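Just so it is clear, the structure is predicted and the values come from calculations on it, not from any experiment.
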Amino acid sequence: MSRSSSCKVVGMDWSKRPGFSETSCHIEEFNNEYDEEEEGLRQRFVVVHGAGSFGHFQASKSGVHKGGLNQPLVKAGFVATRISVTSLNLDIVRALAREGIPSVGMSPFACGWLTNERNIESADIQMVANAIDSGLIPVLHGDAVLDTARECTILSGDVIIRHLAEELKPEFVVFITDVPGVYDRPPSEPNAVLLREIEVHEDGSWSVLKPENVNKKVTFTVAAHDTTGGMVTKISEAAMIAKLGIDVFIVQAASSHSLTALKGELKDGIPEDWIGTAIRFSR
């Protein structure tokens with residue numbers, strides 16, 4: 001996932017942009033000679049992003065997450081939510097492409113992902129696997145999907161990650177958030193403590209390993225507009241991933257600590273100066 005400092009980034013976003021008369025395409029900058037081993041290691045990963053303000057508000061206002069696609073408001077909300085999340089997905093794919101990352105957007109709804117009472121009922125990941133094998137970076141997202149019991153609902157990006165982890169068995173999973181990791185209470189509260197390492201047990205329960213003197217009772221909050229459970233869902237899904245023997249790291253976006261996690265540098269041990277939360281299966 002790293003790129004040599006001497007390697008020039010050649011953008012892949014050739015779409016026409018407002019205000020520009022020409023598309024941005026410089027084919028002479030492409031070099032067909034590359035290190036296949038390094039390229040393969042850098043590209044074998046999947047990106048999954050949530051909807052955030054691009055989808056949760058629309059879904060919450062219309063009740064899409066509760067179902068009832070036969071209701072006009074819910075149907076309109078379903079359409080509005082998908083417009084929002086696919087627009088965000090396109091923005092993210094274009095941002096990655098401009099950095100020379102061969103990313104392709106994949107919407108769960110369009111790929112046939114179905115739920116039953118909000119639990120995944122069917123999700124063929126063959127196209128995701130094919131994209132990875134072809135050297136592409138699949139970019140999935142939280143989405144409004146059809147539900148065989150409720151007619152429709154919201155499929156969380158966290159749930160998507162867990163299902164992909166079950167099927168693809170990655171070396172590790174990284175959750176990027178707007179806070180440094182998991183706290184024993186909402187981080188905005190006084191004396192909130194960052195939980196550096198959480199151990200998941202065979203029965204699905206979990207305990208805090210580091211810091212050792214922290215209060216074992218942990219509380220979470222969910223934003224009013226979040227239709228997928230917020231940090232509660234994230235921790236639950238991360239614990240299920242850890243039970244598969246796959247280490248999970250929760251870390252703040254745009255930090256050196258997130259880069260360390262994404263580069264796989266935590267597989268052999270976590271340095272004392274790394275700031276984030278590691279969730280692992282008790283061995």
Side-chain angles (χ1 to χ4, degrees), residues 45-57 59-60 65 85 88-89 92 108 113 115 118-120 123 139-143 145 153-168 170 172-189 192-201 204-210 214 216-255 257-258 261-262 266 270 274-281:
F45 67 97
V46 180
V47 175
V48 181
H49 65 82
S53 60
F54 278 77
H56 284 302
F57 285 106
S60 178
H65 58 297
V85 297
L88 174 61
N89 182 254
I92 291 175
W113 289 47
T115 60
R118 305 191 71 175
N119 297 310
I120 292 179
V139 183
L140 289 81
H141 58 87
D143 203 0
V145 297
T153 193
I154 298 297
L155 177 60
S156 166
D158 298 332
V159 176
I160 293 171
I161 292 173
R162 188 249 303 165
H163 184 75
L164 291 175
E166 290 175 345
E167 299 295 324
L168 298 177
F172 57 90
V173 170
V174 180
F175 284 85
I176 303 294
T177 71
D178 59 350
V179 293
V182 180
Y183 287 79
D184 65 337
R185 70 199 74 181
S188 58
E189 292 187 6
V193 177
L194 176 67
L195 309 181
R196 291 179 52 82
E197 189 168 349
I198 294 174
E199 183 179 59
V200 179
H201 306 289
S205 64
W206 53 276
S207 56
V208 179
L209 291 184
K210 295 181 181 180
V214 73
K216 302 299 181 182
K217 186 176 181 180
V218 180
T219 59
F220 303 104
T221 59
V222 180
H225 65 271
D226 192 335
T227 59
T228 58
M231 187 60 80
V232 180
T233 300
K234 202 175 300 296
I235 295 298
S236 175
E237 298 300 329
M240 285 190 276
I241 294 171
K243 278 191 64 177
L244 300 172
I246 301 169
D247 290 346
V248 180
F249 305 102
I250 301 179
V251 62
Q252 189 167 29
S255 67
H257 308 290
S258 62
L262 289 169
L266 302 177
I270 301 175
W274 184 75
I275 300 176
T277 300
I279 302 178
R280 291 170 162 167
F281 182 62

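Thr115 pairs by the side-chain contact (heavy atoms from CB on, under 4.5 Å) definition with Val145, Asp147, Thr153, Leu155, not counting sequence neighbours. Here Glu166 pairs with Arg162 under the salt bridge (Lys or Arg N to Asp or Glu O under 4.0 Å) rule; sequence neighbours left out. Every side-chain contact (heavy atoms from CB on, under 4.5 Å) that Ala253 has, sequence neighbours left out, goes to Ile176. With sequence neighbours left out, His49 forms a side-chain hydrogen bond (donor to acceptor under 3.5 Å, both in side chains) with Asn89. Not a single side-chain hydrogen bond (donor to acceptor under 3.5 Å, both in side chains) links Ser188 to another residue, sequence neighbours left out. Under the side-chain hydrogen bond (donor to acceptor under 3.5 Å, both in side chains) criterion, Thr277 pairs with no residue, sequence neighbours left out. For Ala123, the side-chain contact (heavy atoms from CB on, under 4.5 Å) partners two or more places apart in sequence, or in a different chain, are Trp113, Ile120, His163. Every residue meeting the salt bridge (Lys or Arg N to Asp or Glu O under 4.0 Å) condition with Arg280, not counting sequence neighbours, appears here in chain and number order: Glu197, Asp247.
For the pair Ser255/Ile275, no side-chain contact is recorded, criterion being any heavy-atom separation below 4.5 Å from C-beta on. Side-chain contact check for Ile279 versus Ile241: every heavy-atom pair is 4.5 Å or farther apart. Between Ser207 and His201, some side-chain heavy-atom pair lies under the 4.5 Å cut-off. With a 4.5 Å cut-off on side-chain heavy atoms, Ser258 and Val174 do not count as touching.
Here the NE2-CH2 distance, from His257 to Trp274, works out to 8.5 Å after rounding to the nearest 0.5 Å. Interatomic distance, His141 NE2 to Ser156 OG, rounded to the nearest 0.5 Å: 12.5 Å. Taken to the nearest 0.5 Å, the CG atom of Leu209 stands 12.0 Å off from the CZ atom of Arg196.
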Stepwise side-chain contact (heavy atoms from CB on, under 4.5 Å) check, Phe45 with Leu262: CA-CA 10 Å; Phe45 67 97; Leu262 289 169; over 6 Å; no

Given side-chain contact (heavy atoms from CB on, under 4.5 Å), test Thr177 with Lys234 step by step and report yes or no. CA-CA 10 Å; Thr177 71; Lys234 202 175 300 296; 3.9 Å; yes

Decide side-chain contact (heavy atoms from CB on, under 4.5 Å) for Phe172 and Leu266; before the verdict, give the C-alpha distance in whole Å, the side-chain angles of both, and the deciding distance to 0.1 Å. CA-CA 9 Å; Phe172 57 90; Leu266 302 177; over 6 Å; no

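The minimum heavy-atom distance between Ala242 and Phe281, with the atom names listed, is O-CB, 2.9 Å. Contact record, Val179 with Pro187: CG1-CG, 4.0 Å, taken as the closest heavy-atom pair. Considering all non-hydrogen atoms of both residues, Ile160 and Pro108 come closest at CD1-CG, 3.6 Å. Nearest heavy-atom pair across Leu88 and Gly50 is CD2-O, 3.5 Å. The minimum heavy-atom distance between Ala192 and Pro186, with the atom names listed, is CB-O, 3.7 Å. For Gly181 against Leu194, the heavy-atom pair with the smallest separation is CA-CD1, 3.7 Å.
Counting heavy atoms of neighbouring residues, nucleotides and ligands inside a 6.0 Å radius, atom NZ of Lys210 does not exceed 12 of them.
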